[in-house]
Structures are given as structure tokens and as C-alpha cells.
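Here the structure comes first, spelled out in C-alpha cells, and everything after it is commentary.
Reminder, nothing fancy here: chain letters follow the sequence lines and each chain counts from 1.
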Amino acid sequence: MSAEKTAPAPAKNDLFKQITQGPGLVSVLGVIVALIVGGLLIAVTDERVATTAGYLFARPSDFFSALWEAGTSSYVALFEGSIYNSAQGFAPFLETLTVSTPLICAGLGVGLAFRAGLFNIGAQGQIIIGAAMAGYVGFAWHLPVVLHLLLVIVFGLIGGALWGGLVGLLKARTGAHEVILTIMFNYVALYLLDFLMNTQAFRRPGETNPISPILDTTAVFPALPGSRLHVGFLLAVLLTFGMGWLLKRSTLGFELRAVGHNPLAAQTAGVNVQRAMIVAMALAGALAGAAGVAQVAGTEKVLTAGIAGSLGFDAITVALLGRSTPWGTFFAGLLFGAFRAGAVNMQISTGTPIDIVLVVQSLIVLFIAAPPLIKAMFGLNPKKKKIQAAAAATQGGAQ
Amino acid sequence: MTQPAVLPTTVVAHSVGKKVPLTLSIFAAIVLVCFGALGSTASAHFGLSSAGDAFTLPELVLPGRISNLIIGLFMAGIAALAWVRRNQARPLGRGWIIAFAALFVLSFLIWVVSGARTPSISLAGLLAGAAVLAVPLVFGSLSGIMCERAGVVNIAIEGQLLGGAFTAALVGSMTQNAYLGLIAAGVAGALVSLVLALFSIKYVVNQIIVGVVLNVLVSGLTGFLFTTVMQADAELYNNPPRLPIIEIPGLSAIPILGPILFKQSVIGYLMYIAVAVVWYALFKTRWGLRVRAVGEHPKAADTLGIKVNATRFWNVTLGGIIAGIGGSFFTLVAVESFTKEISGGRGFIALAAVIFGRWNPIGAFLAALLFGFADNLQVILTIIGTPVPSQFMAMMPYLVTIFAVAGLVGRSRGPAAVGEPYLKE
């Protein structure tokens, strides 16, 4: 980060600024506000709250205690499902790490592209292709231990890199917008996998459902006994370090950041902008491919049409919350992984649908993307407040 | 490529390159070889009439291989023309490209139908179904056009459609009045748009970020409320009445065109009206000129006294209303209840239609019809048993959009200032 702060930023690349700058306080407050809004939503739709609202004026305390209980009990269940509970100890936290692994990898991919000024919505497709290639190597080839897993990882990365790099190539060569390209490539990948899962090569023998054979034991990440946590998490940590090194210490990373700040200036300075775009998208795709590997060779151990779930879209929110820095993305991935893991427990114990996680997740990103909103809520911006007050006074009360 | 494409907005100018003739040649070769020489010799039967027609048209029977060889020769002719034009440094007219695409679609149809187990489909039914499936796509793409013509990227079409579908089902069920559901859907779409407008115009958050996040938010919100509210009492909250299909007597009995134009739900008729109104308003009125000025060059528009951000705000809101109404199609016409993710990514196909239709309401309408056609064809082809996997049919809208934005078949360019917030200096 220090390199960026000292470097002059002549660009008007607002996307880049929005993602990488902004105080941590706003992020924390954004998370808190989003959780409160989510809690209110849970409370409002709670049945007991609805019944007590019927005699709100007779006994308001009933209503408010029901409201409080509905909101908090869900979050307690969320916590118990993701971090710690008295029955299982810290076992839920291991589940959080498992769920976080692909989120972190794919989030890094989206983040890396952001740093190069590219909006990569294509993590979903890149995960799908990565998982398909890694999965195929995992169940169709039978190779010795270590080598097999290594090839699974390599092919997963290549699959993602190809799918991402193709977008980079099209953008560099034709100027087509990467947002449109990646959205379209996501759907092409989705239907391609759907097609593959219905072919002889991918479908499990004797099975009518589109599900692949189970991956060989030599092809899957070793798991921690008694949990689903697998070595893939270490891969995510490694990739986080790798992206940090790439961006801070390598020439390529410097070039990518330069293009992200101001492509015209970078080109004038001698950076091959087209090449940087292709490389950035290929690397982003490879990271998303790693997420596919983590899914197919770690968590699921089998390839299905829905292997990517909504990971690719969650990855965008992870990268946005992590402000596209490697470790920011890592911890954002952990947070959203905890939400995901805890939501399962929450649904079982309090009946709160998992979808609430999507609501909270998207609210967090909206709030942190608009610091003035959060600052206005908490009165953190006295200067602006004064201006507003003055304006209100002159305009007669309009805020 | 002769020029580097450096910024997303700086796009290579209309140079007469090799891309267009080359692409056309490849497609002509595909038709001649794959659909013609290697195609089935059986005949393809196309039914042109449907029940209730005033008079019955005879069935169209085309011999597979021979028809495709002839069509292929025509296409090769257009490709040759493109090469000649390139040597004269003149671009091929759009009419030729459209004719070429139409020939390709026809040849593809003949090829798949003649190779099927039962080589017969009802063309009339196929087209009528396509027009119905296109309804939400058309509304969605009109929303995209309204926003993007004013310079605001609308990735949230999917969210607007989904929000509209949910609200239409909820309000329609509670009031047992489909028309109130329709209005409520418009309000829901507008609400999604208001968030988009607030964050992208007032707080200057990147418009793509807001759009992406809004889709997730609406998906989560509708999914959450579906489980907690609708499923708790489906009779009360998820049981909307259907919008009736209104037949215009006489006109609806015209073969082929009758069911497409004169046998629709209210939403279907609204679609035709909306396309015409948006097109007229954008291109023939003073208001439309101002909107387009804001989308192309906000600073110049501002200099002339047009309120840039107010224009954008109203356009985004209007777009939301349109998409919301389109979303109600899912729960008031297609099926009678809401389910999670009922819009199923059609917002993104609508976005594809915006681009493929070159940000023009009529272009987007035709693109949406084409995508609806592909969608419907995919279902019918599975029934008659063709060798083409349905997944590849489903990919079609996305693939042609990739071709379109990459400029392989004519360049598709959006308004110049799209995605850029306007801040007064």
C-alpha cells in the first residue's frame, strides 16, 4: 500500500479509488449497519413479533422483547454455527475456514483484476471452467499420489486462466467492455458445464443425474480429521501471499497497477497496456480457477452442474469489501465465509432463511461503497454537516 | 488490429477490416458443409397454421440438403460481396448483414428439423411462443436503454425484473386483482431504480458495482420474504390471479401474425406500445434529444442548461417502472405463483438485447424476439429429438452478444458517457 500512497495518482479512475481508498472505520460501521438492517428484517417477518404487534399499545414491552429476541437469536445461531458453540467448541470455525477457501481465492481474482482497472464479473464462469477441468483430471485420470493432486490444481488454474484470458484478449484486441464479456462468458460456461455433465465422459456410470464420478483419493486435498477443512485453505493463504508479492514487489504487478491507475499514462511510460490487460484477466481467471479446485477437490470431491453455486458473485462482494488488497480480501472472505457457514445453522435452529446472508452481504458492500452515507448516519463528517446545516438554514429546512 | 484499444471507451473506429468478410465466409462455409453437404436428405416440415386461424395455410416442406446448399450459395455470395466491398474500402451495408443472419437462421432451422426424429415443427407456434417469451426481455431491455441513453449503466435489470415479479405476486394475491399487481410491480421496479439512482448519482458510487450488488440484494430480499412470508401462507400471499389473454376478434385469426400481434395478455400489448413510445420519445421529441445529449456529452448538455443529474434520475426511475412491469409477466402471465429466482438470468439476456440492438428500442425489440425464438426453439427441439444439445441453443444469446461487442459482425457501441458520473465543476 505504501507504494501507492507515494505514487502520484493522475488518473480519474474512480473505480480504482473507490475500491482501494477509504478508512477502515467506515467498513466496520458499514458491517454493523448492515447487520442491524438484516436483524430488523428478520424481526419484522417473525411471527411472534407480528402477534405481539397486535397488542402493541396494550403491552409494548412484549412487542419489543419479541423484536429483540427474534433479531438476536438468529445472530446468536449464526455465531454458533460459524465460530464457537459450547457443544462443538471451535469446530464451526473450521467449517468457516472451509467455506471461506473458495471465496478468498475467487475474491483475490476479482480484486486483482480491479487493481488493473478491469471489472471482472466473470469469476463465476472461471470457477466453472476451472472446476470442470480440475474435476475431470481428478476422476478420469488415475495417477500416483502427489502428482495427481498437483495436476488437478494446475489444470484448474489453467482452465480459469483460459476463460479469463480470453476475455482479456477480446478486450485488448477489440475494445469490447469486459463487464459485458464476462457476464456473457459466465452463461456460456454455465451451459457448457451443463452440456458436459450430460456426456458419457463426465457423468457417473449408471447415474441418470448429472453428477460425475467421485474424485480419486489421490486427487483430493487431504482434510483435517473430523472436519471438512482441507489443505486447500493453505493454498488460499499461499495465493494471498502470492498476490501481495506480485502487486508490491514484481515489475508485472507494478505494470498492472499502473494500468489500473491510468492506462494512458502507463502506455506513455512504456507499459504494454494490451498485454497487461490479457495477463491481468488470465491471472484473475487462474485465481478463480483455484476456487474451482478448492470446491471440486476439497469441499465437494465430486463435479456437479451447480459446483460454483453463487461463489462468483459472492467473490465480487468479497473483493469490494476487502478493497482489493490481498489481506483485505482474505479477511472479507473469512467474514462472508462465516456468514455462509453460520447461516446453515441459523436456518436449522431459528428457521431464518439463508437468503438473509445475501441481503446483509449486499448491504455491507453498498454502505462501504458510499462512505458519505455512513458518515452522515453517524455524524462523522462535521465539515459536511456544517455545510449541510448552513444550506438547510438558507433553503428553509431542506436537508 | 491497427490501433490499440487503450481505454474501455476509446474504441477502434469504423475501419474496413478483414473481420466482417472473414466471419461471413466462415458462416457460409458452415452452412454449405455442415448443414448442406453433411446434412440430412430428409425433408423438413413446417406447419404455418395454428388452431383458430381464419384459413389454413399449406404445410411448408423443404428438402434438407438441397435447400441448405442453395441457401449456402446465397450466403457465400454475400460473403464474396463483402470481400469485394473491402477491397473498395467500403463497408457492407447493414441490410446485407441482416439478410445474411436471417438466411443462417433459416438454414439452421431446416438442418435441425430435417435431422430430427420427427422432422416436423409448427413454425406458427414457434413464432407465437417466441413473442411471448420475449415479453420480459423487451421490457428489461427498454429499461436498459432508458438508463444507458442517459448515461447510467443498468446491470440491475435482473433485480428489477425479479422485484417486479415478486411484488406482482404478493400484491396480486393480497388484493386478488392482477392489475393492481401489475401497478405494484412497476412501483417495485422503480424502488430498485431509486437505489441505483441514489447511489450512482448522489453518492457517485461506480454504477456497475451498484448494479451488481442490487441484483444480489433483490435476490436475497425476495428469497428471504418468499420463505418467511409467502411460504408461510401461500394461499394468501402467493396466489395471484392470472392476467387474461385478450383476443382481438377477427384480427387474431390471421395465420402466423394473428397470435403474435392480437392474442396477448395486457402485458403483451403494453410491450408493443412501450417499444413504440420509447422509440418515439427518444428519437423524435425534444425530451429524447436532451436525454441522449446527457448520455453522450453531459458537459455540453449542462452548458446548454439541461439538468444532467435530474435527467438521469428520472430516466433511471422510468426505466425501473418499465422493467418492473415486465417482471410481473413471470407471475401474472407465465405461471401463477412466485418462486425463488423466477427471472432466471433473463435480465442479463435483456442486457444482451440492449447491446445487440445497439441501444435502440426497435433494435432491442428485434434482438429480444430473436432470443425468445432461440429460447422457444430449444424447448421444441428437445421434444422432436434433434442431435443439437439444448445447452448450445441456450448459449446462443450470449454468444451472439460476445460476437457483437467484439465487433466480429459490426461494431456495437453504447452512448459515450455511459458509466461516468457527472460532477459539476
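Using a 4.5 Å heavy-atom threshold, the side chains of Met395(B) and Leu192(A) count as touching. Using a 4.5 Å heavy-atom threshold, the side chains of Leu193(A) and Gln391(B) count as separate.
Taking CZ of Phe403(B) as the start and OG1 of Thr174(A) as the end, the distance is 12.0 Å to the nearest 0.5 Å. Residue Leu217(B) holds its CG atom at 12.0 Å from OG1 of Thr317(A), rounded to the nearest 0.5 Å. Atom OG1 of Thr222(B) sits about 9.0 Å away from atom CG of Leu358(A), to the nearest 0.5 Å. Distance check, rounded to the nearest 0.5 Å: CZ of Phe199(B) to CZ of Phe367(A) gives 6.0 Å. In this structure, CD1 on Ile316(A) lies 9.5 Å from CD1 on Ile209(B), to the nearest 0.5 angstrom.
With chain B as the partner, the residue from Gly351(A), Ala370(A), Ser310(A), Ala266(A) showing the most heavy-atom pairs under 4.5 Å is Ala370(A). Contacts with chain A were tallied for Val229(B), Leu221(B), Thr401(B), Ile208(B); Ile208(B) has the most, counting heavy-atom pairs under 4.5 Å.
Proximity to chain A (any heavy atom under 4.5 Å) is shown, for Ile349(B), by neither the backbone nor the side chain. Contact annotation for Val216(B): both backbone and side-chain heavy atoms come within less than 4.5 Å of a heavy atom of chain A. If you measure heavy-atom distances from Val195(B) to chain A, the contacts under 4.5 Å come from the side chain alone. The parts of Val213(B) that come within reach of chain A are both its backbone and its side chain, each placing non-hydrogen atoms under 4.5 angstrom from that chain. Of the two parts of Leu41(A), the backbone and the side chain both hold a non-hydrogen atom closer than 4.5 Å to a non-hydrogen atom of chain B. For a residue to count as touching a neighbouring chain, one of its non-hydrogen atoms must lie under 4.5 Å from one of that chain's; by this rule Leu225(B) touches chain A with the side chain only. Of the two parts of Phe348(B), the backbone and the side chain both hold a non-hydrogen atom closer than 4.5 Å to a non-hydrogen atom of chain A.
Under the salt bridge (charged side-chain N to carboxylate O under 4.0 Å, His left out) criterion, Lys340(B) pairs with Asp355(A), not counting sequence neighbours. For Phe226(B), the ring pair (Phe, Tyr, Trp, His ring centres under 6.0 Å) criterion is met by Phe338(B), not counting sequence neighbours.
Applying a 4.5 Å heavy-atom cutoff, the residues of residues 179-187 of chain A that approach chain B are Val179(A), Ile180(A), Leu181(A), Ile183(A), Met184(A), Phe185(A), Tyr187(A).
Legend: salt bridge (Lys or Arg N to Asp or Glu O under 4.0 Å) pairs involving residues 309-318 of chain A, not counting sequence neighbours, sorted by first then second residue: Asp314(A)-Arg340(A).
For the pair Ala406(B) and Leu170(A), the tightest heavy-atom approach, listed with the atom from each and the gap, is CB-CD2, 4.0 Å. The minimum heavy-atom distance linking Val359(A) with Gly220(B) is given by the pair CG2-C, 3.5 Å.
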**Item:** side chain to side chain contact (heavy atoms under 4.5 Å, CB included) between Thr228(B) and Ile42(A), intermediate numbers included
**Value:** CA-CA 9 Å; Thr228(B) 52; Ile42(A) 295 171; over 6 Å; no
**Item:** Criterion side chain to side chain contact (heavy atoms under 4.5 Å, CB included) on Leu198(B) and Leu373(A), from CA distance to verdict
**Value:** CA-CA 10 Å; Leu198(B) 178 75; Leu373(A) 182 66; 5.5 Å; no
**Request:** Give the intermediate values and the outcome of side chain to side chain contact (heavy atoms under 4.5 Å, CB included) for residues His177(A) and Ile355(B).
**Result:** CA-CA 11 Å; His177(A) 201 291; Ile355(B) 297 157; over 6 Å; no
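Checked against the 6.0 Å centroid threshold, Phe195(A) and Phe392(B) count as a close aromatic pair.
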